[in-house]
Each structure stands twice: as C-alpha cells, then as structure tokens.
Amino acid sequence: MTYEEFWRPLTAIYERGEAQAVARLALEQRFGLTWADVLGGAVERLADEEVHAIWQRLVAGEPVQYVLGEAQFCGRSLHVEKGVLIPRPETEELCQLIVKEVKVTPSLSILDIGTGSGCIAITLAAACPQAQVRAWDISAQALRIAHENAKSAHVNVSFELKDVLSLPSPLPPLQWDIIVSNPPYVCASERATMA
C-alpha cells in the first residue's frame, strides 16, 4: 500500500489536510516513520497485514487515538480505548488554568469527577505533587484505564467507582479545595449528526 492509498480514502471522513495528518500520525506512532521515510516509499515496504488492519479501522471511522491506543495530553502519552473519551486540547487549557491558580498552595485536596482516562487528575497530581488527588468515575473500565495511566505517569491519584448523581442530598460538607469536572457535553440528539 502506498501513502496515498493509505490517506486518500480517509477523505470520505475528514478534510484532505486532516486525512493526511491522521495518516501521518498513525504511520509515525505505530511504525516510527518520519515524513522523509514516507516520501521515500517506506509505507510500501511495511507488512501489508498490519498496515491494512490499521487502515481498515481508520476508514471505518474509528478515531486514530483508539486505533493507536494512545492520546497526547499535557506533554504525556495516555492510554485510551473505547470506554473513555479522548482528551481534548480544551481540557489541557482547563488544567493549565487550575495549575496557574494553585501552584503556590503547598497542599490541596482535589476531586476530579468523571475522570475517564484520568487526564485531569494525573496532570494536576504531576503539577501539584503535594496535593491529595481523588478521581471518581461511574465506569469501572474508565477507572482501570485511568489507574494504568497514573501508574505510567508515576503520580499518586486515588480512584473511586462513584456515581456523583446518586450522592445523598443534601451533600455532606465539602472536603476539597478544588472540584473539577469536564464531562461529555454533547446532547444525545446531537450525537446522530456528528462524525
């Protein structure tokens, strides 16, 4: 398979530039190919079965991060798979704002609600090593992934299987200095029209 045969069918899903970027990302991260390698025809020398398997998943519309099993977030690589959302650049900005505000505070208690991949909790734990960081999620699968990511990042985060919507009312007195959450904000009605 040539590079063009790899990226061109992706234009059915993405604009041309994005299709090429997705293809280059997959080839670079999975096979270690540089742009010079791609231009030199290295794609054609790869094992067809593996390239074709990745290509099939991409053409089927699966996000490149799920295909590769990783997403970049705040300078670190996090494991992602179906069952957690792919961390977004806007979420990086949220973490940067929090770190900027609390960097001088010696010890904090932080709660991340709906942690998913753990990207927020891990980033805050790394930036504020004396903070006590807790992360909740309703999904055991998400907590497994987040725990693996925290272990890989060498940070201490306490993960708990908890549904924030089923907490008692009224809530007990707050015990955290910071509560952060970036839950999915796409309505079910909007999902049908999204890629």
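Computed from heavy atoms alone, side chains included, the values below leave out hydrogens, waters and symmetry copies.
The shortest heavy-atom contact between Met1 and Asp48 is N-OD1, 3.6 Å. Closest heavy-atom contact between Pro129 and Ala126: CD-O, 3.8 Å. Heavy-atom minimum distance, Val157 versus Ala125: CG2-CB, 3.8 Å. Closest of all the heavy-atom pairs between Ala26 and Leu58 is CB-CD1, 4.2 Å. Summarising the geometry of Arg16 relative to Thr11, their closest heavy-atom pair is CA-CG2, 4.0 Å, with the distance given to 0.1 Å. Across all their heavy atoms, Val43 and Thr2 have their closest contact at CG1-C, 4.0 Å.
One N or O on the side chain of Ser109 and one on the backbone of Gln175 form a donor-acceptor pair closer than 3.5 Å. In this structure a side-chain-to-backbone donor-acceptor pair under 3.5 Å is present from Ser166 to Asp163. Side-chain N or O atoms of Trp7 include none that pairs as donor or acceptor with a backbone N or O of Ala19 at under 3.5 Å.
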*Apply the test side chain to side chain contact (heavy atoms under 4.5 Å, CB included) to residues Ile54 and Phe31: give CA-CA distance (whole Å), side-chain angles for both, the deciding distance (0.1 Å), then the verdict.*
CA-CA 11 Å; Ile54 290 169; Phe31 302 104; 3.8 Å; yes

*Would Leu167 and Lys162 satisfy side chain to side chain contact (heavy atoms under 4.5 Å, CB included), going step by step from the backbone distance to the final call?*
CA-CA 9 Å; Leu167 292 176; Lys162 201 168 281 219; 4.1 Å; yes

_Would Leu25 and Val22 count as a side chain to side chain contact (heavy atoms under 4.5 Å, CB included) here? Give the steps._
CA-CA 5 Å; Leu25 179 65; Val22 165; 5.8 Å; no

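Between the side chains of Ser152 and Asn149, no donor-acceptor pair is found at a separation under 3.5 Å.
Remark: Glu15 CD is loosely packed, at most 12 non-hydrogen atoms of other residues, nucleotides or ligands lying under 6.0 Å away. Within 6.0 Å of atom CD in Glu81, more than 12 heavy atoms from other residues, nucleotides or ligands are found, so the atom counts as buried in its surroundings. For His79, the NE2 atom is densely surrounded, since the number of other residues' heavy atoms within 6.0 Å is greater than 12.
Using a 4.5 Å cut-off between side-chain heavy atoms of Ile, Leu, Val, Met, Phe, Trp and Tyr, with links allowed through other members, Val64 and Leu85 fall into different hydrophobic clusters. If you chain together hydrophobic residues whose side chains sit under 4.5 Å apart, Phe73 and Val133 fall into the same group. Residues Tyr66 and Leu68 fall into different hydrophobic clusters, defined by Ile, Leu, Val, Met, Phe, Trp and Tyr side chains chained together at heavy-atom separations under 4.5 Å. At a threshold of 4.5 Å between side-chain heavy atoms, the hydrophobic network of Ile, Leu, Val, Met, Phe, Trp and Tyr places Leu39 and Leu27 in one connected group. Residue Val155 is grouped with residue Ile178 when hydrophobic side chains (ILVMFWY) are merged at heavy-atom distances under 4.5 angstrom, including chains of intermediate members.
The shortest side-chain heavy-atom distance between Phe6 and Leu46 does not fall under the 4.5 Å cut-off. The shortest distance between side-chain heavy atoms of Val80 and Ile145 does not fall below 4.5 Å. Contact check for Arg24 versus Tyr3: side-chain heavy atoms found under the 4.5 Å cut-off. A heavy-atom distance below 4.5 Å is not found between the side chains of Phe159 and Asp137. Side chains of Pro87 and Asn182 form no contact here, defined as non-hydrogen atoms less than 4.5 Å apart. Taking the side chain as every heavy atom from C-beta outward, Glu5 and Trp55 never approach each other to under 4.5 Å.
Here the straight-line distance linking atom CD1 of Ile13 with atom CD of Glu62 works out to 10.5 Å at 0.5 Å rounding. Interatomic distance, CD of Gln132 versus CG of Leu111, reported as 10.0 Å (0.5 Å rounding). Distance OG/Ser117 to CD1/Ile122: 6.5 Å, rounded to 0.5 Å. The distance from atom CD of Glu93 to atom OG1 of Thr91, rounded to the nearest 0.5 Å, is 9.0 Å. Note that CD1 of Ile113 and CD1 of Ile138 are 12.0 Å apart. Values are rounded to the nearest 0.5 Å. Atoms SG and CG, from Cys128 and Asp177 in turn, are 11.0 Å apart once rounded to the nearest 0.5 Å.
Checked for salt-bridge contact, Arg8 and Glu4 meet the test: a charged N lies under 4.0 Å from a carboxylate O.
Just one residue in the list Ile110, Asp112, Thr115 forms a side-chain contact (heavy atoms from CB on, under 4.5 Å) with Ile120, and that residue is Asp112.
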